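Just below is one structure, and these are the notes that go with it.
Since the model is a prediction, treat every value here as computed from it, not as a measurement.
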Amino acid sequence: MNNCAFLLILAVQIYAEGIEGPTAGCTFDEDSEPSLCDFTQGEEDDFDWQLFRTHNSPYASFDLLRGSYLLVNSSQHAAGHRAQLLLQTLSENDTHCVQFSYFLYSRDGHSPGALRAYVRVNGGPLGSPVWNTSGSHGRQWHQVELAVSTFWPNEYQVLIESTVSRERQGYIAIDDIMLLTYPCYKAPHFSRLGDEEVNAGQNATFQCVASGRASEAEKFLLERHSGDVTSTALVKHLSHRRFVASLHVDSVQCNNQDLYRCVTQSSRGSGVSNFAELIVKVPPSPIAPPQLLRAGSTYLIIQLNTNSILGDGPIIRKEIEYRASQSPWSEVHGVNMVTYKLWHLDPDTEYHISVLLTRPGEGGTGPPGPPLVCRTKCAEPTRALRSLTASEIQSRQLTLQWETLAYNLTRCHTYSVSLCYRYATTGGGGGHNTTVRECLAVEHNASRFTLRDLPAYHSIQVRLALANPEGKKEGREVTFQTEEDIPGGITPESLTFTPLEDMIFLKWEEPVEPNGLITQYEVRIISQLRERQTLSLLLEKEIHPWSPMFDHGDMLSPLSETESTITVLLRPALGRGSPISTYQVVVKEESGWKVKRELGVQDCYPLPMSHGEAQARGTPHYYTAELLPSSLPEASPFTVGDNHTYNGYWNTPLDPRKSYLVYFQAMSNFRGESRINCIRIARKAACKDHRRALEVSQHSEEMGLILGVCAGGLVVLILLLGVIIIIIRKGKPVNINKTPITYRQEKSHMGSMEHSFTDQSTLQEDERVALSAARMAHTCSMRGEQCSSVNESSSLLGGSPRRQCGRKGSPYHTGQVHPAVRVADLLQHINQMKTAEGYGFKQEYESFFDGWDCTKKKDKTKGRHETLMGYNRHRVKLHPLLGDPNSDYINAKYIDVRDFISIERALERELKWVRPILTPAIVRAPIRVSGHRETRHH
């Protein structure tokens with residue numbers, strides 16, 4: 001037993017010798033080392049601590065323990081008074097522990113007061129106590145450890161404070177204040193606490209990692225540098241001697257930015273970490289709004305304009321937030337460029353666009369910057385207005401209605417609706433038809449309108465147009481028919497009467513405004529005898545069935561022609577009491593026999609048939625196009641065979657080897673009835689190789705100039721010789737010097753259009769062409785061959801003559817309506833005609849009359865054709881005068897081209913008897929020139 005006790009004492013002694021002693025401390029004994037104890041009394045307290053030694057106080061209270069220590073007698077001080085003791089400032093490099101003993105005792109068990117320990121860092125504020133206790137703890141000493149984790153270059157100071165209780169009984173004492181160079185045994189040591197950076201408005205979390213023994217009663221606190229304490233903590237044990245405490249600061253704002261440290265508290269001591277900074281960053285926000293670079297109907301291009309910001313950086317992300325002004329939604333798009341384009345926007349809509357900036361960390365996105373308020377442009381209307389109908393039809397007005405307007409149709413808040421209408425009126429006195437057009441503005445958001453002051457019993461074509469600043473959409477033209485009304489009066493000027501022996505012959509024209517189909521006229525005869533008698537006669541008028549009517553007159557000539565196409569002029573038809581429903585262009589393969597008359601109503605083509613159906617059935621005609629009346633408001637060119645599709649009908653190219661007839665027909669559907677009318681508008685001849693083709697070679701421009709100069713000189717010589725021969729035949733002396741003068745005078749009489757030898761050469765060339773044509777005609781008559789006719793629509797006033805395939809055409813556009821050729825311009829016209837390979841005099845001459853045969857003689861008469869005064873004449877068809885059945889023609893003379901110099905005087909001689917008869921009408925008399933060309937003289 002004694003041996004065991006000896007070994008235990010020896011082990012304790014060896015352990016005690018191996019442990020390094022304290023580097024500083026205060027035992028308050030008389031023999032203690034003064035250099036190890038360095039403390040001062042506080043200056044901001046109410047009284048000082050008292051150094052008490054029992055051997056110096058023989059009459060001390062028995063409640064006190066023996067020894068030397070610092071003492072506070074609560075009974076000697078007022079309640080709440082404090083005494084502070086400041087230990088020396090410490091700046092350690094390694095783990096250490098501050099240790100001291102305390103004594104709190106009152107005989108009757110009342111609390112003598114409170115004892116607190118503070119740790120001040122770097123001379124800062126005192127803060128909150130890291131350890132405290134109060135009450136009566138018995139008549140004995142208790143030991144406390146402070147594990148302070150503050151190291152060099154920082155320094156800290158421990159302050160011990162006592163406060164007198166309200167009972168003012170008992171004693172408070174401290175002793176044995178030591179700075180140990182090893183870890184505390186009763187208090188945990190914290191690892192280094194790092195700074196925490198958060199964005200404003202977010203929660204900050206400090207992870208306090210500690211090692212040592214921690215009891216269940218241990219309190220974990222987060223102490224702010226200013227002294228505020230947060231007690232919310234979540235402790236997680238990593239091992240039996242290591243744990244982590246998570247301490248939170250909720251909804252951090254800029255005023256929460258400060259130094260924070262972790263503190264553990266227990267009755268045995270306290271652990272204190274270093275101060276770490278809580279850094280609060282303000283999320284960035286632009287100072288200026290974005291800039292608008294370009295605006296479209298569905299997009300906006302903006303520049304972010306983020307050079308100046310409010311808040312903290314760095315900026316790691318930029319975003320665009322936009323919304324419509326009247327919409328609750330908003331969208332955010334990430335942006336990685338200085339400019340950005342917003343797509344898929346609504347037209348004519350106001351948008352608010354802001355820029356969002358984001359810095360690192362949760363909640364780093366700042367508030368939106370100042371908004372850019374801008375508006376997209378209007379977009380073109382989606383489509384035209386539909387459902388145009390008539391809700392009420394009267395004789396003089398139409399009440400129309402259409403679909404209700406909506407934004408998805410107008411695509412703009414600023415728009416206009418116009419109602420355009422037109423109708424044809426017949427001019428008085430047999431004048432031409434005129435078209436009245438007018439457009440009216442419709443009120444905003446209106447879907448109903450009334451047209452007033454319309455003519456009765458007329459077809460009214462109405463079209464709606466929807467327009468905004470970016471475009472216009474016009475609807476299809478819809479035709480309405482006004483009701484009948486009382487007919488207008490007969491103009492007195494049109495009423496004529498012829499008194500006879502027993503009757504009066506009356507004649508009048510139809511009223512200018514019939515306002516419907518006139519069924520009867522009433523004639524009132526007032527007698528001038530003694531007794532005034534009135535006789536009323538009701539005259540029934542012959543009613544012609546309504547149907548479309550064409551105002552083409554004679555068949556027009558094509559505008560142009562190629563091997564597989566022909567371009568014609570389509571004119572709208574007259575409804576004659578019913579609206580035109582549709583137009584068709586009909587192509588028919590021409591058979592071997594010629595059609596001698598225009599088609600009637602019964603000869604039209606009411607059965608729709610496409611080109612493919614016609615081929616399958618073997619039918620010679622087919623619809624090549626179907627047109628709506630709205631697509632033909634006025635005369636327009638149309639190309640037959642352009643290989644396009646019109647309302648489901650393929651406009652197939654024409655076969656060059658075949659001849660075709662082209663018809664234009666109109667159809668009216670009114671009150672359950674359908675009427676149709678058609679007219680032949682062109683004939684397309686087959687393109688074949690003809691022996692009568694013009695044999696004019698093509699030369700280059702340089703060779704033509706050379707040959708022209710040579711030919712010009714030759715022509716001058718021939719003309720001089722011709723003049724000499726003529727003078728010799730007439731028995732007149734030859735005057736060579738006057739010949740050029742006479743020639744120039746005659747030439748000046750024709751005009752000043754010819755100024756070169758080339759123009760003169762064309763006269764001789766024309767003679768050669770005429771002689772060649774005569775020889776060809778003689779050859780044709782010898783062989784008994786009959787020459788085929790050319791396109792019956794060909795003429796000088798717009799015909800399209802037959803030409804050889806692949807040859808160059810006339811200098812005039814094929815089918816162009818040529819004006820009548822003046823006599824002064826005849827030489828130039830001859831030059832132009834000679835340059836055409838397929839449009840020569842001979843071909844044109846043979847195309848004047850249907851079935852012209854070269855075996856027939858020129859002087860062969862037909863109908864009222866006769867020979868007068870030794871001249872060969874031919875009948876010219878004119879418009880008949882009223883009451884004169886023999887005024888529809890005149891007799892014209894054939895004039896040889898060799899007499900071209902005197903042709904104007906000849907015309908004056910031949911036509912002088914026509915002028916008094918036809919004045920003031922315009923006379924167009926055909927003049928046959930050497931059997932090759934027909935000109936017209938006004």
Side-chain angles (χ1 to χ4, degrees), residues 380-388 461 463-465 471-479 548 550 552 556-573 579-590 599 604-669 674-687 800 813-815:
E380 188 178 5
T382 306
R383 55 173 174 82
L385 292 174
R386 298 174 180 172
S387 304
L388 177 60
Q461 284 78 29
R463 174 180 295 171
L464 285 172
K472 183 177 182 181
K473 292 289 186 179
E474 293 187 353
R476 298 177 59 182
E477 196 171 63
V478 182
T479 303
F550 289 99
H552 285 68
L556 297 177
S557 302
L559 301 181
S560 63
E561 182 179 347
T562 64
E563 293 183 1
S564 59
T565 63
I566 182 171
T567 301
V568 295
L569 187 66
L570 302 183
R571 291 181 179 176
I580 303 299
S581 302
T582 183
Y583 293 102
Q584 292 95 18
V585 180
V586 182
V587 175
K588 180 179 180 181
E589 294 185 13
E590 188 178 14
L599 289 178
C604 293
Y605 306 95
L607 182 62
M609 185 173 301
S610 64
H611 180 261
E613 295 174 349
Q615 287 184 332
R617 300 181 182 181
T619 305
H621 72 273
Y622 60 89
Y623 283 12
T624 193
E626 186 175 78
L627 307 175
L628 297 177
S630 59
S631 63
L632 194 65
E634 56 188 10
S636 303
F638 180 81
T639 301
V640 179
D642 62 0
N643 202 25
H644 293 169
T645 301
Y646 297 89
N647 201 17
Y649 291 96
W650 177 33
N651 191 8
T652 178
L654 304 177
D655 190 347
R657 299 169 298 178
K658 299 180 180 180
S659 298
Y660 295 93
L661 299 177
V662 181
Y663 297 91
F664 186 47
Q665 69 181 18
M667 181 179 295
S668 295
N669 297 318
S674 297
R675 297 291 173 88
I676 190 171
N677 192 8
C678 56
I679 185 174
R680 193 177 74 188
I681 57 177
R683 177 179 180 272
K684 172 73 166 61
C687 189
S800 178
H813 295 290
T814 305

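The list of salt bridge (Lys or Arg N to Asp or Glu O under 4.0 Å) pairs with a residue in residues 635-655, not counting sequence neighbours, reads D655-R657. Screening residues 608-625 for salt bridge (Lys or Arg N to Asp or Glu O under 4.0 Å), with sequence neighbours left out, gives no hits.
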Inset, instruction - Could you go through the side chain to side chain contact (heavy atoms under 4.5 Å, CB included) check for E561 and K684 one step at a time? - result: CA-CA 8 Å; E561 182 179 347; K684 172 73 166 61; 3.0 Å; yes

Please test V587 against L654 for side chain to side chain contact (heavy atoms under 4.5 Å, CB included), starting from the C-alpha separation and ending with a verdict.
CA-CA 9 Å; V587 175; L654 304 177; 4.1 Å; yes

- Message: Applying side chain to side chain donor-acceptor pair (under 3.5 Å) to T639 and T567, what does each step give before you reach the verdict?
- Response: CA-CA 4 Å; T639 301; T567 301; 3.1 Å; yes

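In this structure, T582 and E626 have side chains that are in contact, with non-hydrogen atoms separated by less than 4.5 Å. Proximity of E380 to K473: side-chain heavy atoms (C-beta onward) are separated by under 4.5 Å at one or more points.
For the salt bridge (Lys or Arg N to Asp or Glu O under 4.0 Å) with K658, the qualifying choice from E590, E589, E563 is E589, the only one to do so. For the side-chain hydrogen bond (donor to acceptor under 3.5 Å, both in side chains) test with W650, the passing option among T645, T624, N643 is N643; the others fail.
For A625, the side-chain contact (heavy atoms from CB on, under 4.5 Å) partners are V585, F638, Y646, not counting sequence neighbours. When the ring pair (Phe, Tyr, Trp, His ring centres under 6.0 Å) test is applied to Y660, no partner is found at least two apart in sequence or on another chain. Residues forming a side-chain contact (heavy atoms from CB on, under 4.5 Å) with V586 (at least two apart in sequence, or on another chain): Q584, Y605, H621, Y623, Y663, Q665. E474 pairs by the side-chain contact (heavy atoms from CB on, under 4.5 Å) definition with R463, A465, K472, not counting sequence neighbours.
To the nearest 0.5 Å, atom CD of residue Q615 and atom OH of residue Y622 are 8.5 Å apart. Atom-to-atom distance recorded for L628:CG and E477:CD is 10.0 Å, nearest 0.5 angstrom. Atom CD in Q461 sits 4.0 Å away from atom OG1 in T479 (nearest 0.5 Å). Distance check, rounded to the nearest 0.5 Å: SG of C604 to CG of L607 gives 13.0 Å. Atom CD1 of residue I681 and atom CZ of residue F664 lie 7.0 Å apart, to the nearest 0.5 angstrom.
When all heavy atoms of P606 and I676 are compared, the pair lying nearest together is CA-CD1, 3.9 Å. Closest heavy-atom contact between L632 and L570: CD1-O, 3.8 Å. Taking every heavy atom of both residues into account, Y583 and P572 meet most closely at OH-CA, 3.5 Å. In terms of heavy atoms, L559 sits closest to P637 at CD1-CB, 3.6 Å. The two atoms that bring G641 and T565 nearest to each other are O-CG2, 3.1 Å, heavy atoms only. Heavy-atom minimum distance, I580 versus P629: O-CG, 3.1 Å.
Looking only at distances, a side-chain donor or acceptor of S636 sits under 3.5 Å from a matching main-chain atom of E634. Remark: side-chain polar atoms of S564 are not paired, donor with acceptor, to backbone N or O of P653 under 3.5 angstrom.
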